[in-house]
**Q** 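Quick one: this structure, given as structure tokens, is what I'll be asking you about.
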2 protein chains.
Amino acid sequence: MSRALRDVPGVALRTRERVKAAAAEVGYVSNVSGSRLATGKTGTIAIVVPTAARWFFGQAIAGAGAVIRGAGLDVLLYELGDAAGRQRLFAEHGLRGRADAVLVLSLNLSGSETRLLQQLGVPVAVLGVGPASFSSVVVNDQLAAESALRHLINLGHEVIGLIGIDNGSDVTSGSVPPIARVAGYRAAVSSAGMSLDPDLEQLDENSAAGGAAAMTRLISGPVMPTAVFASSDEMAFGALHVLRSAGIRVPADMSIVGFDNHDFAAVVDLTTVDQNVLAQGQAAARLVLAALANPGAAPTTASVPTRLVIRRSTAPPQPLRRRLEATDTTQN
Amino acid sequence: MSRALRDVPGVALRTRERVKAAAAEVGYVSNVSGSRLATGKTGTIAIVVPTAARWFFGQAIAGAGAVIRGAGLDVLLYELGDAAGRQRLFAEHGLRGRADAVLVLSLNLSGSETRLLQQLGVPVAVLGVGPASFSSVVVNDQLAAESALRHLINLGHEVIGLIGIDNGSDVTSGSVPPIARVAGYRAAVSSAGMSLDPDLEQLDENSAAGGAAAMTRLISGPVMPTAVFASSDEMAFGALHVLRSAGIRVPADMSIVGFDNHDFAAVVDLTTVDQNVLAQGQAAARLVLAALANPGAAPTTASVPTRLVIRRSTAPPQPLRRRLEATDTTQN
DNA sequence: ACGCGGGTCGCAAGCGCTTGCAAGTGCAGT
DNA sequence: ACTGCACTTGCAAGCGCTTGCGACCCGCGT
């Protein structure tokens, strides 16, 4: 008897126990498909993500997954992979009926994608800025970037470069942060009375290679900054590599601050803005669980705080001084 | 008519088209739960993994996921998280009826866990060494470690340290490689006519912090090695950090080689053993798909080749020379 | 023109579970 | 001892899909 196994009221305690004992004896396990059909619920939440192979998404998946599993639900993982994969998932009815809710991690949803998600008829929450019709968890990227910049400004830096994220046409990348972080950079620089210089803003793809390329452009440009704000730690890592190869010492010759607090930021002593991605994932999952529990409710927006983590990649600018020999280019 | 939509033979072409057109018009999408109940297949493969938040598993999930999705199946992600989560998944019938097959990534399965998986009655494949009853994809860790060691030996190193993985009681860690890599280290050292010294073998948890701790012990031990083999890149990163802080230059004063070819190995110029984790994930998925297509078949073992990637963290040992000033401890 | 057979079509019987409901049980009140 | 009520129990009707099978249609051969 189904009611006994599921602890539904309306069954005498004795009967319940008898039934459970019998079930255990035979090794009976209720068939999931049957109950899904009968109830219409799948007990599953879909997580849609560009790829699981990048740090940010790994963190977010782990955070969200823990909360979802804690609620007794399963997680169905959809990695978009590339544009074709993205198309496939959204265009066909790839998600229909497979999950009770969906969690979209850091994707710039197009209008039609938003519409398709709505037509699914299940709660949707997004990580990052998204359509107003969905719950979302955000980080104040602009403010966070500004705080990083103020740190550099307070140290006395007057020529500060930007390494920004240029998503280009890459579907595996995130959403709005790129712009917001650039805006934070500009706001802080301007309000410190310094002028904005396009040569000091170098955008590239969000990766170590992109960061390296951007830094290369900065240190070979018309004005050499004494400090650089990188929009992601991965880009900062690439930038550090270039600096090391070029014999430019950090932080003596150049300060650098990143964004993320990636696991390896501590390993390379990178000052960075900590955005707790794990917590963001958890918050997003909680939002979607709340929507599931209370279907009528209006979409909510949760905000996760950031904080600046100061390590040893930032220091006051060195006043005109002769450059030491770069004896250590190969040092790690 | 179900047969028309699914392109099952036995339906006239004209009828099929008519049905499809009508379905499209009404926006009809077949109910997944219904078909699952009727067919007994879920169209889903479960991936069991300690956590999605680490590089290795992110890569493996992405690799396996791409193949699974390519076959038109969904992936259900189970992260163990901790011992309790592991217990929960295996002990209760957490997986029963939810997936047509399961892929276990890098877990040392206990006897009872193996038995429970077998009782699921679905194909199981594992990434890493596992029970003979399951298909598996492996890497020859010992040979790979030996090749790394031979590289150091050929460079002329005669005192080579080991930073090894000590899983301790951590469930979120992997399987057999720790031992195999240590064995490779010992085999190569011995066969080069050098003697093994317990002080040169430092085990710690597989993380940057663990690598740092192990390296600290090595450079403060009774014999100072001129080269070190680290069993994972993450440990090597931590080790590099310690060396930099200590003013020990790489590779001038100390060579170091890692294992993994982690995304950031290139960024820190780390010589390392590339084990194509993405390919391992793909291979594991293919194994499980094959088992699904051909239920009777005996378990297979696929082997993924490794290769040594030489970067700038290894060089011949410097013969007795005076140590330069460590002016650059803060450099990045 | 009639019969036959290959090819289609549509009905209906499940798949295993949930749940409303009628029947049944036991106990307290009269 | 009988009636009434609250609580249990077990039955049966779906949930939406797949699939075996009988009914049917049409065109061919005789």
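Per chain, numbering begins at 1; letters A, B, ... match sequence-line order.
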**Q** How close or far is atom P of C:dG16 from atom CG of A:Leu37, stated in whole angstroms?
**A**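 Computing the A:Leu37:CG to C:dG16:P distance gives 12 Å.
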**Q** Given axes from five pairs at either end, by how many degrees does the helix from C:dA1-D:dT30 to C:dT30-D:dA1 bend, rounded to 10°?
**A**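 That helix gives 50° between its end axes.
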**Q** How would you label the contact of A:Ser33 with the nucleic acid (heavy atoms, under 4.0 Å): base, sugar-phosphate, or nothing?
**A**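 Contact class for A:Ser33: none.
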**Q** What pairs of residues pass the side-chain hydrogen bond (donor to acceptor under 3.5 Å, both in side chains) test when at least one of them lies in residues 281-302 of chain A, not counting sequence neighbours?
**A**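 The answer is A:Ser136-A:Thr301.
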**Q** For B:Arg16 and C:dG7, what is the distance between atoms CZ and C1' respectively, to the nearest whole Å?
**A**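 Going from CZ in B:Arg16 over to C1' in C:dG7 covers 13 Å.
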**Q** Less than 4.5 Å apart, side chain to side chain, heavy atoms only: is that true for B:Ile165 and B:Ser232?
**A**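 In short, these two side chains touch, coming nearer than 4.5 Å.
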**Q** How close or far is atom P of D:dG16 from atom NZ of A:Lys41, stated in whole angstroms?
**A**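 Whole-Å distance recorded here is 14 Å.
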**Q** Out of B:Asp74, B:Ile47, B:Thr44, which residue meets the side-chain contact (heavy atoms from CB on, under 4.5 Å) rule with B:Ile68?
**A**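 The passing option is B:Ile47.
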**Q** Choosing from D:dG16, D:dT8, C:dT18, which nucleotide comes nearest the side chain of B:Ala38?
**A**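 Per side-chain heavy atoms of B:Ala38, the pick is D:dG16.
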**Q** If every non-hydrogen atom of B:Val124 is compared with every non-hydrogen atom of B:Val288, which pair is closest and at what distance?
**A**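 The answer is C-CG2, 4.5 Å.
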**Q** Assuming nearest nucleotide by heavy-atom distance, tell me which of A:Asn31 and B:Arg18 is located more 5' along DNA chain C.
**A**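 Nearer the 5' end of the strand: B:Arg18.
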**Q** The side chain of B:Ala12 is closest to which nucleotide in this list: D:dG16, D:dT19, C:dC9?
**A**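 Nearest nucleotide to the side chain: C:dC9.
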**Q** Would you mind reading off the distance between B:Asp7 atom CG and D:dT19 atom C1', rounded to a whole angstrom?
**A**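 Nearest whole value for this atom pair: 17 Å.
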**Q** Heavy atoms, side chains only, cut-off 4.5 Å: are B:Phe134 and B:Leu117 in contact?
**A**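 Result yes, sub-4.5 Å side-chain heavy-atom pair found.
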**Q** C:dC17, OP1 or OP2 - any side-chain N/O from A:Arg36 closer than 4.0 Å?
**A**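 No, outside the criterion.
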**Q** With sequence neighbours excluded, what pairs up with B:Asp260 under the salt bridge (charged side-chain N to carboxylate O under 4.0 Å, His left out) test?
**A**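 Expected list: none.
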**Q** Nearest to the side chain of B:Tyr28, which nucleotide is it out of D:dT18, C:dC17, D:dC17?
**A**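 Nearest to the side-chain atoms of B:Tyr28, counting from C-beta on, is D:dC17.
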**Q** Report the distance from atom CG of B:Leu13 to atom P of C:dG7, rounded to the nearest whole Å.
**A**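 The distance from CG of B:Leu13 to P of C:dG7 comes to 16 Å, rounded to the nearest Å.
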**Q** Under the 3.5 angstrom rule, does the side chain of B:Glu25 hit a backbone N or O of B:Ala22 as a donor-acceptor pair?
**A**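 No; zero donor-acceptor contacts below 3.5 Å.
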**Q** Grab the CG-P distance between B:Leu5 and C:dC9 for me, whole Å please.
**A**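 Taking CG of B:Leu5 and P of C:dC9, I get 14 Å after rounding.
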**Q** What is the separation between atom CZ on A:Arg3 and atom P on D:dG10, rounded to the nearest whole Å?
**A**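 After rounding, the reported distance stands at 11 Å.
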